[in-house]
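Taking it in order: structure first as structure tokens, then the write-up.
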Amino acid sequence: MNIGIVASEAVPYAKTGGLADVTGTLFNVFGKMGNNVYLFLPYYKTINNVNNPEKATEISVKIGSKDIKGNILIQKTENGTVIFIEQDYYFGRDNLYGTKEGDYPDNAERFGFFDIAVLEAIKKLGLKVDVLHVNDWQSGLVPLFIKDKGLKIGTLFTIHNLGYQGNFEQGILDILHINRKYFTMEGLEFYGNVSFLKSGIVYSTYLSTVSPTYAKEIQTPEYGVGMDGILRARTDRLVGILNGIDYSVWNPSTDTLIFENYSETNLYGKSINKQELSKEIGLDTANKPLFGMVSRLAGQKGVDILAEALDNFLKEDVRVVILGTGEKQIEDALISLEQKFVGKIKALIKFDNTLAHKIYAASDYFMMPSRYEPCGLGQLIALKYGAVPIVRETGGLKDTIDNYNEYTHCGNGLSFDEYSSNALYNTLLYANKIYENKPVYENIQRVGMQCDFSWNRSAHKYMEIFEKIKKEVTAQ
Ligand code: ADP
């Protein structure tokens, strides 16, 4: 099968969140399964792990009244070919999507250009592609352009987060030369705007999202963020496939970024990680449970109820470390907690992959009280590193974390249902109590470390859909 993955980020090249982990890992997994795989990415100024990519060809895309030129760069890897779209005006910036002040104002134009350029690259390079796997709003126009050009390429559109919709003013239609016949309620019109996400939902051959529970939730008014009706209309084409994690990257027994390797049969190394991280960040955690968190600091992640709950919980003899960046107001709330509870909590406001690894390895508990969570990778990584997850029962968190049951002694974490600081606070108190009972705590920890959330099963589910899509397109 010839598969193209289109994404705005993928590890190890560019990452702001879980989308990058998923697309970058799937690229490798599909390749290892024997498929011919292409990964299409913008060539950002901040791109990593690229070694003198070969300039394969040039393209020119009409944007407004200008012909915008770009280069197609190619880097071959053992699992497939990475194809970068180079256009310095659009992608030669300090960040992927925007600055602290907000999104780049021309994001519609930047990613509209990217979507057109991907199809241009396929044409110019003469690539045979059976299925394009397009991801999130940044590549949401690809299915529309395929339809408009009458290309024989099937698409799977994966929604990693319905909260980010790429809705822009109508003027973008003319800038990208999109025929107004598509600007309807059945098309990409969304409350008077142009929605890149809706384009992906409406014009793709199949749709998926990243957990079975989230696939159901997005078809309800509460989590559908205005798209629930259109998703219900395509329910027979919508599947939920759970994300996995890449255990060659996230594995405490081989991880080179942590202080000491360990496994579920030898947890001594985990205690070294706790000691060393404590020294590094200046937190005295001896004989105290360490509650960690690594997250984008966005409303979705439940940081509002967390800040409230911690305001009470930090009165206990516990330690907290939070690594994240995001909304200023949330960053400030965490910094004030650090000033109020000196020596008990560290709020590390930055994006730092090495530190993230160290926090997973050092923490006794990992907090993810999300308001909603399409799948979540943090809790899967935490399981593997023996940091017992504390999660809210929503989306992928519900599909992967079983609340510990004190009668049957089953469960791989702790969870709560109601989205409130009180429910979270009570769960944190319960976690603290469990930590004092070492056999019980270690049992939950070991069960978690034995869970298998590798990509194998999920990758096969993707392949089944790709086969269906290919068959459908061939029959057309
Ligand atoms: P989302 O994709 O919604 O941000 P996920 O849980 O699916 O959330 O994935 C988040 C990924 O990004 C995880 O691999 C997590 O470790 C990583 N991450 C989030 N914030 C940071 C940060 N500040 N520094 C390093 N890694 C981070």
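Index from 1, following the sequence. Each ligand, and each atom within it, is numbered from 1 in the order the structure gives.
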Based purely on interatomic distance, does W250 place a nitrogen or oxygen under 3.5 Å from a nitrogen or oxygen of ligand 1?
-> no

Flag R296 as yes when one of its N or O atoms lies below 3.5 Å from any N or O atom of ligand 1, and as no otherwise.
-> yes

The closest protein heavy-atom partner of atom 17 (C) of ligand 1 is K15 NZ, 3.9 Å

Between R296, R392, K301, which is the residue that forms a salt bridge (charged side-chain N to carboxylate O under 4.0 Å, His left out) with E373?
-> K301

Parallel, tilted or perpendicular: which describes the rings of W250 and Y360, with under 30° parallel and over 60° perpendicular?
-> perpendicular

Give the residue, atom name and distance (to 0.1 Å) of the protein heavy atom nearest atom 18 (N) of ligand 1.
-> V294 CG1, 3.8 Å

May I ask you to identify the nearest protein heavy atom to atom 10 (C) of ligand 1, giving residue, atom name and distance to one decimal place in Å?
-> G18 N, 3.8 Å

Heavy-atom contact under 4.0 Å between K301 and ligand 1?
-> yes

A356, any N or O under 3.5 Å of ligand 1 N or O | no

Whether S458 side chain and L242 backbone form a donor-acceptor pair below 3.5 Å = yes

Which is closest to atom 20 (N) of ligand 1 by heavy-atom distance: G376, G324, S295?
-> S295

Which one holds for D21 and ligand 1: side chain close, backbone close, both close, or neither close, with close meaning a heavy atom under 4.0 Å?
-> side chain

cation_pi(K384, F453) dist<6.0 Å, angle<=45 = no

Looking at G378, which atoms of ligand 1 are within less than 4.0 Å of one of its heavy atoms?
-> 6 (O)

With a 4.0 Å cut-off, would you call D364 and K288 a salt bridge?
-> no

Sub-4.0 Å heavy-atom approach of I381 to ligand 1 | yes

Verify side-chain hydrogen bond (donor to acceptor under 3.5 Å, both in side chains) between N79 and T77, making sure each step is shown before the conclusion.
-> CA-CA 5 Å; N79 297 313; T77 76; 5.1 Å; no

What protein heavy atom sits nearest atom 7 (O) of ligand 1, and how far off is it?
-> L377 N, 3.2 Å

Top protein contact for atom 21 (C) of ligand 1, by heavy-atom distance | F351 CE1, 3.5 Å

Option from F84, F27, Y44 for which ring-ring contact (aromatic ring centres under 6.0 Å, His included) with Y13 holds = F84

Would you check if the side chain of S204 reaches a backbone N or O of T155 as a donor-acceptor pair within less than 3.5 Å?
-> no

Partner of W137 under ring-ring contact (aromatic ring centres under 6.0 Å, His included), chosen from F190, F111, F157 = F111

What is the nearest protein non-hydrogen atom to atom 24 (N) of ligand 1, stated with its residue, atom name and distance?
-> D352 N, 3.0 Å

Walk me through it: do E331 and K328 pass the test salt bridge (charged side-chain N to carboxylate O under 4.0 Å, His left out)?
-> CA-CA 5 Å; E331 294 180 352; K328 176 99 181 45; 6.0 Å; no

Take atom CD in E316; do more than 12 heavy atoms of anything else shown fall under 6.0 Å from it?
-> yes

Is H160 near ligand 1, meaning one of its heavy atoms is under 4.0 Å from it?
-> no

Of Y372, F366, Y360, the one whose closest heavy atom lies nearest atom 16 (O) of ligand 1 is Y360

Considering only non-hydrogen protein atoms, determine which one is nearest to atom 23 (N) of ligand 1 and report residue, atom name and distance to 0.1 Å.
-> K350 O, 2.9 Å

